[in-house]
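Note that the structure is a prediction, hence the values are computed from the model and not measured. Below, chains carry the letters A, B, ... as their sequence lines are ordered, and counting in each starts from 1.
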Amino acid sequence: MIRVQDSVFDAGVEQRALLEGRSDIGAVVSFTGLVRDFNERPEVQALTLEHYPGMTEAALGEIVEQARSRWVLQGVTVIHRIGRLDPADPIVLVVVASAHRRAAFDACDFIMDYLKTRAPFWKKEHTASGDYWVSERDGDHQDARRWEMST
Amino acid sequence: MPLTNQPLTHLNARGEAHMVDVADKPESRREAAASGLIRMQPATLALLAEGGLPKGDVLATARIAGIQAAKRTHELIPLCHALALSKVAIDFNVDEAQSCVHVIATCRLNGRTGVEMEALTAVSVACLTLYDMCKAVDKEMEIGGIHLDTKTGGKSGDYRRDEAWASRAVAPSIIESAPSPIVTGEGVTGEVSVGPRCDIAAPCLRVKCLAELRERLGVGDVSVPIERLPSSDVAGLKTALKALDARFEGLDQGRVLCAVNQVMASDATPLTDNDEVAFFPPVTGG
């Protein structure tokens, strides 16, 4: 299940929904990304997430499909928020359920690495010293490349 | 203007609707101006201004619709006379600050009846046509503020709308607080249109600049006729854009990604009529 939304999500509710009625799931891994109050500059007061409607959903779907082709997964939920968010607000949720923990850990990690480098979202941070668009990070690309080498 | 003691001329002594007999009224030069507006999302207004909407030249179509409507007012409003209007003019004022289009209609004739109904009908139908032309991208548009501004000639004398009342009657904007479909940031700074309009006959491409690139170039959406491209691919589109407007030189500054029909693309990706091409900076979500 993939959702792009303005509103806040509840990781517990989403995880329970993914597991409901299932007894074939042996492991569930949940990752939540939050708004930090420091980044390229200190004192981040808020951030605004822009996306490319249509392509965003398609790109997230493609990433989840790739994860499903690499690992046997019983369920995947990806929720990404857009619009204006405050420090400590949740931004992104990835929940992966599998029969075994290794698949669930790895698939969750993979989905986040690919989401950060391939899904069309852009962050603009609002700080005490002005607004700026967040730059891409080399580290994110190195993280994503790990999965190319291991196949 | 007092509302009491003014008999309604379309009701006879028994209170029944009737058409006023104007045969004995003297002819005079009659003129009326009416206006109204249609509010829309800023992104819709930008598309309208750039000619990027799927139905083509929105304002030209709405202008013709307004003129036609003025001439046919008697078919729509039961007790109006058929008039041989000597002039109908429709003007538009694209208001980015209020995210709306103001529509102003002026009607004139030498005759025995006023032409305010013609002006009001012209404004109404021009607004409805604007709605129809833009509804594919924005269903929340709101038509409002339709009123008579001035009326001259005739027995009842000249009329000019009381601005104190007018300013009180301005409807609060419902659009400004609504989320824009693509841009979730705080306002779209410096968005301007460039290039020729995309008319229905000529094959063209719909180009979008997103996020930081949109703000850096000062361009959101633009339509480019395919005939302007030296080659029918993304590289050709970049060349055509730079020829249209020097700001597109910024496409070569820093890392700029491209998607065609919402799938990642490269300079060699071929383009055909009505493709959606988006340029954007590296992604930073998660």
Is the number of heavy atoms from other residues, nucleotides or ligands within 6.0 Å of [atom1] ([X]) greater than 12?
X: A:Glu43; atom1: CD; result: no
X: A:Arg68; atom1: CZ; result: yes
X: A:Asp138; atom1: CG; result: no
X: A:His100; atom1: NE2; result: no
X: A:Tyr132; atom1: OH; result: yes
X: A:Glu20; atom1: CD; result: no

Discussion item. Which one wins on heavy-atom pair count under 4.5 Å against chain A: B:Arg255, B:Met264, B:Gln262?
Written reply: B:Gln262
Item to complete: Report the option among B:Ala211, B:Pro282, B:Ala259 that has the most heavy-atom pairs separated by less than 4.5 Å from atoms of chain A.
Response: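 Greatest number of close heavy-atom pairs with chain A: B:Ala211.
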Discussion item. Tell me whether B:Thr284 contacts the main-chain N or O of A:Lys123 through its side chain, where contact means a donor paired with an acceptor under 3.5 Å.
Written reply: yes
Worksheet item: Taking A:His80 for the side chain and B:Gly285 for the main chain, is one N or O donor matched with an acceptor at less than 3.5 Å?
Response: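 Here the side-chain-to-backbone pair does not exist.
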Worksheet item: Could you state the interatomic distance from CG (B:Leu210) to CZ (A:Phe121), rounded to the nearest 0.5 Å?
Response: 12.5 Å
Fill in: Euclidean distance, B:Leu257 CG relative to A:Arg118 CZ, rounded to 0.5 Å
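Those atoms lie 12.0 Å apart.
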Worksheet item: Between A:Lys124 and B:Glu215, does a salt bridge (Lys or Arg N to Asp or Glu O under 4.0 Å) hold up when you go through it step by step?
Response: CA-CA 11 Å; A:Lys124 188 180 201 178; B:Glu215 293 190 0; 2.9 Å; yes
Discussion item. If the condition is side-chain contact (heavy atoms from CB on, under 4.5 Å), which residues does B:Lys238 pass it with, not counting sequence neighbours?
Written reply: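 Testing B:Lys238 for side-chain contact (heavy atoms from CB on, under 4.5 Å), a comparison that skips the adjacent residues, returns B:Val234, B:Lys242, B:Leu251, B:Asp267, B:Phe279.
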Worksheet item: With a 4.5 Å heavy-atom cut-off, do A:Tyr52 and B:Lys208 have their side chains touching?
Response: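 With C-beta onward as the side chain, the pair touches.
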Worksheet item: Heavy atoms, side chains only, cut-off 4.5 Å: are A:Trp122 and B:Glu212 in contact?
Response: no
Discussion item. If the contact rule is any heavy atom under 4.5 Å from chain B, which residues of residues 54-63 of chain A qualify, in numerical order?
Written reply: A:Gly54, A:Met55
